[in-house]
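To start, the structure itself, in C-alpha cells.
What you see is a predicted model, and the numbers here were worked out from it, not measured in a lab. Chain A is the first sequence line, chain B the second, and so forth, proteins listed ahead of strands; every chain is numbered from 1.
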Amino acid sequence: MNYWLIKSEPDEYSYQDLAAEADAGRWTGVRNYAARNHLRGMKKGDLALFYHSRKGLEVVGICEAVKEAYPDPTAEKGDWSAVDFKAIKPLKKPVPLSDIKAEPSLQEMPLVRIGRLSVMPVTKEEFEKVLEMGETKHP
DNA sequence: GCCAACGTTGGC
DNA sequence: GCCAACGTTGGC
C-alpha cells in the first residue's frame with residue numbers, strides 16, 4: 001500500500017467532480033515526466049490525497065486508485081499515462097497549504113518543497129497526519 | 001497579475 | 001553534451 005498526493009485545479013477537475021462520477025474518474029493530462037513516473041508507480045488500492053491548486057489551496061478529500069496506469073487517451077502524441085480514481089471521502093475540514101507548511105512533521109512533503117509537481121508520493125505518516133488535521137479517520 | 005521555480009528546448 | 005532562453009505551473 002502506497003500513499004500519494006494528486007493536485008488539480010478545481011476549475012478543471014475538482015474533488016466534487018470526482019465524487020460525482022458514477023464509477024471512477026479518469027486522471028489525465030499529466031505532461032510532466034516526474035509526475036508521470038509517479039502515476040506509473042501506483043497500484044490498485046493505493047490511497048491519495050486530493051489537493052486543489054491555484055484556487056482553494058487545500059487538501060479536500062481522499063481517493064483510491066481503481067485502475068493502474070494506462071496510456072493517456074487525451075495525449076495526441078508522446079508517452080503519457082492516466083490512472084482511474086474514485087472518491088472515498090471528503091475531509092470534514094479541508095487542510096490548507098498554510099497549515100501544512102506550518103506543521104513541522106510535514107515539511108518534507110514534495111507539496112511544500114517542489115511546488116510545481118502535480119503527482120507525488122507521501123509517506124504513511126504524512127498521509128495520516130493530514131487526515132488527522134482534516135478530522136477524518138483512515139478509510 | 002506577478003514572479004519564482006522548475007522542466008524542456010535548441011544552439012553551439 | 002552543456003547551458004542559456006523560453007514556457008508553464010502555481011503560490012502569493
- Query: For the helix from dG1(B)-dC12(C) to dC12(B)-dG1(C), what is the angle between the axes at its two ends, each from 5 pairs, rounded to 10°?
  - Reply: 10°

- Residues that Thr28(A) engages under side-chain hydrogen bond (donor to acceptor under 3.5 Å, both in side chains), provided they are two or more places apart: none

- Can you pull the ring-ring contact (aromatic ring centres under 6.0 Å, His included) pairs that have at least one residue in residues 96-116 of chain A, sequence neighbours excluded? none

- Please report, rounded to the nearest Å, how far the C1' atom of dT8(C) is from the CZ atom of Arg31(A). 14 Å

- Roughly how many Å is it from CZ in Arg113(A) to P in dG7(B), rounded to a whole number? 13 Å

- Output, in order, the C-alpha distance, side-chain angles, deciding distance and verdict of side-chain contact (heavy atoms from CB on, under 4.5 Å) for Leu39(A) and Trp27(A). CA-CA 9 Å; Leu39(A) 277 181; Trp27(A) 195 266; 4.2 Å; yes

- Sequence-distant partners of Glu132(A), salt bridge (Lys or Arg N to Asp or Glu O under 4.0 Å), two or more places apart: Lys129(A)

- How would you list all residue pairs meeting side chain to side chain donor-acceptor pair (under 3.5 Å) that involve residues 44-53 of chain A, not counting sequence neighbours? Trp4(A)-Asp46(A)

- Does some side-chain heavy atom of Pro90(A) sit less than 4.5 Å from a side-chain heavy atom of Tyr15(A)? yes

- Item | Distance-only polar pair, side chains of Arg31(A) and Thr74(A), donor-acceptor under 3.5 Å | yes

Pick out the pairs of N or O atoms, protein on one side and nucleotides 9-12 of chain C on the other, that lie under 3.5 Å.
unit_1, atom_1, unit_2, atom_2, d
dT9(C), O4', Arg116(A), NE, 3.4
dG10(C), OP1, Arg116(A), O, 3.4
dG10(C), N9, Arg54(A), NH1, 3.3
dG10(C), N7, Arg54(A), NH1, 2.3
dG11(C), OP1, Tyr51(A), OH, 3.1
dG11(C), OP2, Arg54(A), N, 3.0
dG11(C), N7, Arg54(A), NH1, 3.4
dG11(C), O6, Arg54(A), NH1, 2.7
dC12(C), OP1, Lys101(A), NZ, 2.7

- Sole candidate of Leu117(A), Leu111(A), Val130(A), Val119(A) that passes side-chain contact (heavy atoms from CB on, under 4.5 Å) when paired with Leu5(A): Leu111(A)

